[in-house]
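Only one structure is covered here, and it is reproduced in the block below.
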Amino acid sequence: MISIAVVSGKGGTGKTTIATSLFLSLDNVQLIDADVDEPNCSLFLDIRTQHVKDAQIPIPVIDSSKCILCGECVKNCEYNALANLPNQILVFDRICHGCGVCSVVCPTEAITEKNRSLGKIFSGIKGNRRFDYGELIVGEELSTPIISTLKEQVDKKKDYVIFDSPPGSACPMVETVIDVDYVIVVAEPTPFGLSDMKVVVETLYQLNKKFGVIINKEGIGNEELENYCKENNIPILLRIPFDLKIAKSYSVGNNFLTTFPEWKEKFQQMIEEITEEVKNE
Amino acid sequence: MSDNTDIKQVTVISGKGGTGKTSLISSLAYLLQNYSILADADVDAADLYLIFSPEKSEKTDYYGTKKAVIDFDKCTKCMKCYESCRYGAIDQELNIEIVRCEGCGLCKHVCPVDAITMIERVSGNYFVSDTRIGKMIHARLVPGEESSGLLVAEVRKKALQVAKEKNKSLVLIDGSPGIGCPVISSLSGSHLAIVVSEPTISGKHDLERVLELLKQFNIPGFIVVNKSDINMEITQEIEDKFEKDFPVIAKIPHNHIFTQAMIEKKTVVEIDSEDKSVKDIQETIENIAKLILEKLKISNKNTF
């Protein structure tokens, strides 16, 4: 099994387009949409999914008959998820990270835990393609635990597992890419695109990941992104020209490969090269 | 304008990334420069610096979550920390994988010989800088760091303080894509949200989720449909579907001027062009700026 994450610093550069196209170019493959704030892959795929489980974290429940209001839990919570009121300890559910410190420091064993759902996991299969995605419940703050739960869905019998990552380079992106074999960075050749890509590249260096860049919407801006890749010996895997026809086809939910089937071979060839690079390690 | 509570905060968000949020807010900040302080709260992909070339920055370190460090002179390799960590941040050789460490301190609490300390680390910086439109507050998160929501809160706090000092009535906040922690942090306590969307089925899907968030937080919002001519049908659907709570106040057709302005390090409204399509877009953005002042009951000094 080879796992590949599709990432981008800037949003809207074509991550979902690339991830779903890879999925439809390959056999015996799994696609995992880890952009749990705004999961969109399902809109471009004809695969029926169902809710298979919830993504949960354990949060504290305080037994007031045992609690002596000593405030140790409040003092030791790094996330300020507990507050000491005159006659009770208040738990702010939405702020709690589920780390378990409060239960450990409580001197009277007044704290137990219950599970709280932050999101939902969906899964579907069509032929030898499997698709999973996670969805953050609106109003919840923590995307990362949903991505961790989603990673339990990885099907090791597949030849390829493709992740569609959240944009940016903060914790949700790190959680998505930290265990994968290869990362594809999708970038657009504009000043914003380059600036955001540089942050992603620094993060990938820090995580010691193999990666390459797909330049999407080529021709829209300037040459600086390409020059940056060359200067830093970052491989350019593919170039997809800017074309309003692509944007229009995307707008109604057509998959890129359905509208432009001639690209399938290019994606397959790119994956072959990536596979070789990963296996040569 | 003496109290913080008089200062209105407007957050520009989008749900889906790449809809033109930063391009729009930079134009609004240019037009409203007599009224507002600009805050770049998209700390994970901060791009406003490319338009406003900030200088003479006053820099503040930002301390995010702490990280665990093991003192191996004291450690007895009892493995209690390894067994307790819920984030898989400690491996069997007792190496701490910094990017997985959430800084909760559980390992420190379970260690029987006090071998673990939690160390504060600089996870980013924020800056108050001079630009051609006045002060701008912006930040940089160390790549791969977490708790961007806390840094967003710091940026906003600083922006409010500067707005007060400079006697401004408005803080304009550039939010991040999505609906999670940094977005909630950029929205909480805002008086108005400008939601930049695009007429694609994914744009519409993401818009629905972000509007639901606004409802939960009871924040009024205006929708701007960017690249509206990519799909006029979906643009119409967006107008019809949300008109009751979140009116579409502007539709901006796809235009190369957005990328052109970015390359010239200018806002779209600063571009001198005789092209009618560009002039129309500039006028549309001016109208958005006027609507913001109207909605927040800020008297229009008629300076743009």
Side-chain angles (χ1 to χ4, degrees), chain A residues 8-13 16 35-38 40 43-44 58 76-79 97-101 104-105 136 138-144 148 166-175 178 188 190-192 195-196 199-203 205-207 220-222 244 247-248 250-253, chain B residues 14-19 22 44-47 49-50 65-66 84 86-87 99-100 102-106 109-110 118 141 143-149 176-185 198-203 205-206 209-210 212-213 216-217 227 230-231 234 254 256 259 262-263 265:
Chain A
S8 77
K10 188 174 172 325
T13 60
T16 301
D35 187 358
V36 301
D37 280 24
E38 304 285 16
N40 283 334
L43 301 170
F44 299 89
N76 286 295
C77 177
E78 284 291 330
Y79 313 105
H97 280 51
C99 69
V101 162
V104 169
V105 298
L136 179 71
V138 177
E140 292 295 342
E141 299 208 5
L142 302 178
S143 314
T144 312
S148 326
S169 49
C171 34
M173 175 269 195
V174 171
E175 178 67 22
I178 196 161
E188 57 178 53
T190 63
F192 288 1
S195 171
D196 297 347
V199 184
V200 167
V201 166
E202 278 180 55
T203 307
Y205 281 142
Q206 197 191 323
L207 296 171
I220 195 180
N222 56 23
L244 265 181
K248 284 181 175 157
Y250 170 90
S251 79
V252 293
Chain B
S14 68
K16 186 175 183 315
T19 59
T22 304
D44 198 15
D47 289 331
Y49 78 97
L50 293 166
T65 45
K66 296 175 189 160
S84 308
R86 294 184 175 178
Y87 306 106
V99 289
R100 291 188 205 258
E102 295 254 330
C104 68
L106 185 67
H109 291 292
V110 299
M118 301 302 295
L141 197 63
E145 278 292 334
E146 44 192 305
S147 61
S148 55
S176 41
I179 58 166
C181 130
V183 180
I184 289 175
S185 186
E198 63 173 39
T200 62
I201 61 158
S202 43
H205 167 266
D206 296 354
R209 282 168 65 77
V210 89
E212 205 185 313
L213 188 67
Q216 282 189 19
F217 282 79
K227 310 173 203 173
I230 280 184
N231 191 319
I234 299 181
H254 176 83
H256 184 62
T259 310
M262 201 191 287
I263 289 169
K265 300 182 192 300

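Chain letters run A, B, ... following the sequence lines, proteins first and then strands; every chain starts at 1.
Put simply, of Gly100(A), Ala247(A), Ser143(A), the one with the most heavy-atom pairs under 4.5 Å next to chain B is Gly100(A). Most heavy-atom pairs under 4.5 Å with chain B, from the set Lys10(A), His97(A), Glu140(A): that is His97(A). Each of Leu136(A), Thr16(A), Thr190(A), Val36(A) has some count of heavy-atom pairs under 4.5 Å with chain B, and the biggest count is that of Leu136(A). The candidate with the highest count of non-hydrogen atom pairs below 4.5 Å against chain A, out of Asn231(B), Asp206(B), Val183(B), Ile179(B), is Asp206(B). The choice from Cys104(B), Pro199(B), Gly18(B) that makes the most heavy-atom pairs within less than 4.5 Å of chain A is Cys104(B). Each of Lys265(B), Arg100(B), Lys16(B), Met118(B) has some count of heavy-atom pairs under 4.5 Å with chain A, and the biggest count is that of Arg100(B). In terms of non-hydrogen atom pairs under 4.5 Å with chain B, the most contact-rich of Val138(A), Val101(A), Val252(A) is Val138(A). If you tally non-hydrogen atom pairs under 4.5 Å between each of Leu244(A), Asn222(A), Ile178(A) and chain B, the highest count goes to Ile178(A). Heavy-atom pairs under 4.5 Å with chain A were tallied for Asp44(B), Thr22(B), Thr200(B); the largest tally goes to Asp44(B). Taking chain A as the reference chain and counting heavy-atom pairs below 4.5 Å, the highest number among Ser84(B), Ser176(B), Gly17(B) is found for Gly17(B). Between chain B and the residues Asn76(A), Leu142(A), Val200(A), the largest count of heavy-atom pairs under 4.5 Å involves Asn76(A).
Residues Ser202(B) and Leu43(A) come closest through the heavy atom pair CA-CD1, 3.6 Å. Heavy atoms only, all atoms of each residue included: Pro191(A) and Met262(B) are closest at CD-SD, 3.6 Å. Residues Leu141(B) and Ala170(A) approach most closely at CD2-CB, 4.3 Å, considering heavy atoms.
For a residue to count as touching a neighbouring chain, one of its non-hydrogen atoms must lie under 4.5 Å from one of that chain's; by this rule Leu50(B) touches chain A with the side chain only. In this structure, chain B has a heavy atom under 4.5 Å from the side chain of Phe44(A), while its backbone stays farther away. In this structure, the portion of Gln206(A) lying under 4.5 Å from any heavy atom of chain B is its side chain and not its backbone. Heavy atoms of Val105(A) lying under 4.5 Å from chain B belong exclusively to its side chain. Interface residue Ile234(B): only side-chain heavy atoms are found under 4.5 Å from chain A. Both the backbone and the side chain of Val199(A) come within contact range of chain B, with heavy atoms under 4.5 Å apart. Interface residue Lys66(B): only side-chain heavy atoms are found under 4.5 Å from chain A. Looking at Val104(A), only its side chain comes within 4.5 Å of chain B, counting heavy atoms on both sides. Only the side chain of Gln216(B) comes within less than 4.5 Å of a heavy atom of chain A; its backbone N, CA, C and O stay farther away. Proximity to chain B (any heavy atom under 4.5 Å) is shown, for Ser169(A), by both the backbone and the side chain. For Val201(A), no part sits under 4.5 Å from any heavy atom of chain B, backbone or side chain. With a 4.5 Å cut-off on non-hydrogen atoms, Ile230(B) touches chain A through its backbone and its side chain both.
Counting only N and O atoms by type, the side chains of Tyr87(B) and Ser148(A) include no donor and acceptor under 3.5 Å apart.
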Run the numbers on Thr259(B) and Glu188(A) for side chain to side chain contact (heavy atoms under 4.5 Å, CB included), then give the verdict.
CA-CA 11 Å; Thr259(B) 310; Glu188(A) 57 178 53; over 6 Å; no
After noting the C-alpha distance and the side-chain angles of Asn40(A) and His205(B), does the key distance pass the side chain to side chain contact (heavy atoms under 4.5 Å, CB included) rule?
CA-CA 8 Å; Asn40(A) 283 334; His205(B) 167 266; 3.0 Å; yes
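Side chain of Arg209(B) to backbone of Glu38(A): no donor-acceptor contact under 3.5 angstrom is found.
Every side chain to side chain contact (heavy atoms under 4.5 Å, CB included) that Ser185(B) has, sequence neighbours left out, goes to Val152(B), Ala153(B).
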